[in-house]
2 protein chains.
Amino acid sequence: MPLELNTLNNPTHLAAVTTADKVYEQLLHQIVNGVIAPGSKISEPELSKKFEISRSTLREALNRLEKCHLIERKANVGSRVVDCSIEGLLELYITREALEGMACRQAAMNMTDEEILSMKQMLKDHSNQQDLKDGISYYQEEGDVDFHYKVILGSHNQQLINIICGQLYHLVRMYRIQFGMKSSRAKRAFEEHSQIIQAIADRDGELAELLMRRHIAASRKNIERKITEQT
Amino acid sequence: MPLELNTLNNPTHLAAVTTADKVYEQLLHQIVNGVIAPGSKISEPELSKKFEISRSTLREALNRLEKCHLIERKANVGSRVVDCSIEGLLELYITREALEGMACRQAAMNMTDEEILSMKQMLKDHSNQQDLKDGISYYQEEGDVDFHYKVILGSHNQQLINIICGQLYHLVRMYRIQFGMKSSRAKRAFEEHSQIIQAIADRDGELAELLMRRHIAASRKNIERKITEQT
DNA sequence: AACAACCATATTGTCGACAATTTTTTGTTG
DNA sequence: CAACAAAAAATTGTCGACAATATGGTTGTT
């Protein structure tokens with residue numbers, strides 16, 4: 001069963017209580033999934049009518065979207081959804097490499113034995129799924145997300161967790177959808193996941209970080225290659 | 001001339017135009033400098049009276065403080081200034097190590113020759129100051145901040161710049177003031193800065209990242225040592 | 001026809017009041 | 001006196017209206 005993504009954005013792991021929360025979640029979903037196009041302007045009067053809420057609570061929701069860098073605001077002008085450029089995507093992966101690499105090192109140091117066991121079990125489940133689906137994207141996508149999330153949480157470093165899960169990953173998902181990235185290296189990625197878990201289980205932080213960085217860098221280079229092929 | 005810190009938090013590098021901006025800047029200053037104590041509750045009615053503004057615009061300012069992780073909000077309960085724990089400080093330095101290390105690698109790849117020249121000049125100025133002040137804290141502190149900022153900006157990676165300058169560094173400053181950290185290794189740090197700039201000038205990203213990580217790790221271990229001595 | 005200044009319109013920023021929720025106080029009971 | 005329940009006060013969330021600023025079109029001049 002895949003992790004519920006929204007829980008990771010909510011520090012207290014509680015359901016959205018206020019209406020601004022709910023509107024935020026809906027807008028988050030719509031932006032990430034491209035229902036609201038990247039780069040498009042956000043009209044406060046229009047949206048507040050559509051959601052049947054006041055502008056105040058809409059602005060509250062917009063502020064949270066701004067926290068995840070999904071929208072940008074200029075004073076006295078308004079908000080726009082961020083637009084997805086290739087440069088932005090590569091910058092994002094560079095940042096992931098740094099943060100998740102370190103998170104992986106910390107995970108090797110700080111994960112409990114139970115957490116490690118749980119990850120190994122997850123990987124076994126994925127391997128069965130992979131036999132069935134033979135590298136087809138959807139489950140592998142979720143599996144990939146699950147894997148990375150567990151490593152990040154395993155770091156037990158609240159700073160890293162907040163930055164990666166709270167803001168970066170929404171952008172990552174948005175980019176994945178915008179560029180229609182279907183992880184053409186599912187099998188290879190799965191093997192890399194195995195190696196990383198092994199390094200964590202061995203409590204080898206140095207190796208764990210190195211492998212995670214290579215894993216993300218490989219994904220980035222894969223994207224770069226595809227992009228340059230297209231042109 | 002030291003960098004104007006606030007400009008780095010403002011993406012457009014423009015002065016605060018709206019009143020919420022100004023209140024945000026004042027509150028930022030007060031929190032970072034401990035005028036408002038860490039862990040203390042923030043009363044919206046009280047603050048809005050003190051600043052003679054409405055609660056709406058105060059809440060706007062609070063939202064920006066939340067973006068920098070300087071305050072935390074719970075629904076229907078209110079906001080608190082984050083409190084400074086030793087674990088939090090160490091987590092922050094771990095995160096810095098990852099992000100600034102990568103920023104340094106990117107800086108070695110992406111800085112212009114002019115930017116590198118400017119950094120070398122800055123270091124020369126610092127060295128003169130150091131001869132005069134003989135390792136006394138204040139100027140060295142600002143110099144340290146300047147150095148790190150220039151490297152980060154030199155990465156030319158907007159993601160890294162936003163995360164580090166836009167949010168992490170306010171927390172770093174707050175911690176420095178709360179724990180009264182006076183950089184007892186000024187001379188050593190200056191030498192490390194020199195080595196890092198040399199690696200950047202040589203366009204050796206690998207070494208540049210390694211050195212920056214060691215530089216920050218050394219600072220972290222220095223803190224850990226002090227803390228454990230005290231107990 | 002091209003450009004500048006101006007005006008009308010629309011959008012964002014700010015305000016004060018009301019509703020919903022939490023926290024504190026008070027009162028009752030064992 | 002302690003413990004629990006209920007009411008009161010205070011705080012946060014939400015709303016609609018007004019003020020300040022930007023946008024787009026119009027008009028007038030060269």
Side-chain angles (χ1 to χ4, degrees), chain A residues 6 9-28 30-31 36-37 39-83, chain B residues 6 9-28 30-31 36-37 39-83:
Chain A
N6 284 334
N9 183 43
N10 189 343
T12 54
H13 287 248
L14 293 168
V17 283
T18 183
T19 60
D21 280 325
K22 294 166 195 165
V23 172
Y24 159 73
E25 287 185 358
Q26 292 194 47
L27 283 175
L28 175 67
Q30 290 190 16
I31 290 176
I36 302 177
S40 62
K41 176 151 176 28
I42 288 184
S43 162
E44 293 183 7
E46 182 189 326
L47 273 184
S48 59
K49 274 172 204 158
K50 185 178 288 181
F51 283 98
E52 295 179 321
I53 57 175
S54 100
R55 262 184 61 226
S56 310
T57 107
L58 176 70
R59 280 162 71 89
E60 181 70 36
L62 293 183
N63 269 316
R64 304 196 196 169
L65 292 172
E66 202 185 357
K67 280 208 307 185
C68 323
H69 298 268
L70 286 173
I71 70 173
E72 288 167 347
R73 271 173 69 189
K74 260 193 273 187
N76 290 317
V77 173
S79 313
R80 305 194 81 87
V81 179
V82 298
D83 52 7
Chain B
N6 285 335
N9 184 44
N10 189 344
T12 53
H13 287 248
L14 292 169
V17 283
T18 181
T19 61
D21 281 325
K22 293 166 194 164
V23 172
Y24 159 73
E25 286 184 359
Q26 292 194 46
L27 283 175
L28 176 67
Q30 291 190 15
I31 289 176
I36 302 178
S40 62
K41 179 151 176 23
I42 289 184
S43 161
E44 293 183 7
E46 181 189 328
L47 274 184
S48 59
K49 273 171 204 157
K50 184 178 287 182
F51 283 99
E52 296 179 322
I53 57 175
S54 100
R55 263 183 61 227
S56 309
T57 108
L58 175 69
R59 281 162 69 89
E60 181 70 36
L62 293 183
N63 270 315
R64 304 198 196 167
L65 292 172
E66 203 185 356
K67 283 208 304 188
C68 322
H69 300 267
L70 286 173
I71 69 173
E72 288 167 347
R73 271 174 71 190
K74 260 194 273 187
N76 289 317
V77 173
S79 312
R80 304 194 82 86
V81 179
V82 297
D83 51 7

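All values reported here derive from a predicted model rather than from experimental measurement. Every chain is numbered from 1 and lettered A, B, ... according to where its sequence line falls, protein lines coming before strand lines.
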Could you run down the sub-3.5 Å N/O contacts of the protein with nucleotides 13-19 of chain D?
residue : atom : partner : partner atom : Å
D:dG13  : OP1  : B:N76   : N            : 3.3
D:dG13  : OP2  : B:R59   : NH1          : 2.5
D:dG13  : OP2  : B:R59   : NH2          : 3.2
D:dG13  : O3'  : A:T18   : OG1          : 2.8
D:dG13  : N7   : B:R55   : NH2          : 2.8
D:dG13  : O6   : B:R55   : NH1          : 3.0
D:dT14  : OP1  : A:T18   : OG1          : 2.4
D:dT14  : OP1  : A:T19   : N            : 2.7
D:dT14  : OP1  : A:T19   : OG1          : 2.4
D:dT14  : OP1  : A:A20   : N            : 3.4
D:dT14  : OP2  : A:T18   : OG1          : 3.0
D:dC15  : OP2  : A:S54   : N            : 2.9
D:dC15  : N4   : A:S56   : OG           : 3.2
D:dG16  : O6   : A:S56   : OG           : 3.4

| Verdict with supporting geometry, B:R73 and B:N63, side-chain contact (heavy atoms from CB on, under 4.5 Å) | CA-CA 9 Å; B:R73 271 174 71 190; B:N63 270 315; 2.9 Å; yes
Q.
Under the criterion side-chain contact (heavy atoms from CB on, under 4.5 Å), I'd like the reasoning laid out for B:T18 against A:N76: C-alpha separation, chi angles, the key distance, then a yes or no.
A. CA-CA 8 Å; B:T18 181; A:N76 290 317; 5.8 Å; no
- Message: Does A:L27 form a side-chain contact (heavy atoms from CB on, under 4.5 Å) with A:F51? I'd like the steps, not just the answer.
- Response: CA-CA 10 Å; A:L27 283 175; A:F51 283 98; 3.8 Å; yes
To the nearest angstrom, the CD-C1' distance between A:E46 and C:dT11 comes to 12 Å
Separation between NZ (B:K67) and CZ (A:R64), nearest 0.5 Å, reads 13.5 Å
Value for CD1 (B:I71) from NZ (B:K41), rounded to nearest 0.5 Å, stands at 10.0 Å
Taken to the nearest whole Å, CG/A:N63 to C1'/C:dT12 is 13 Å
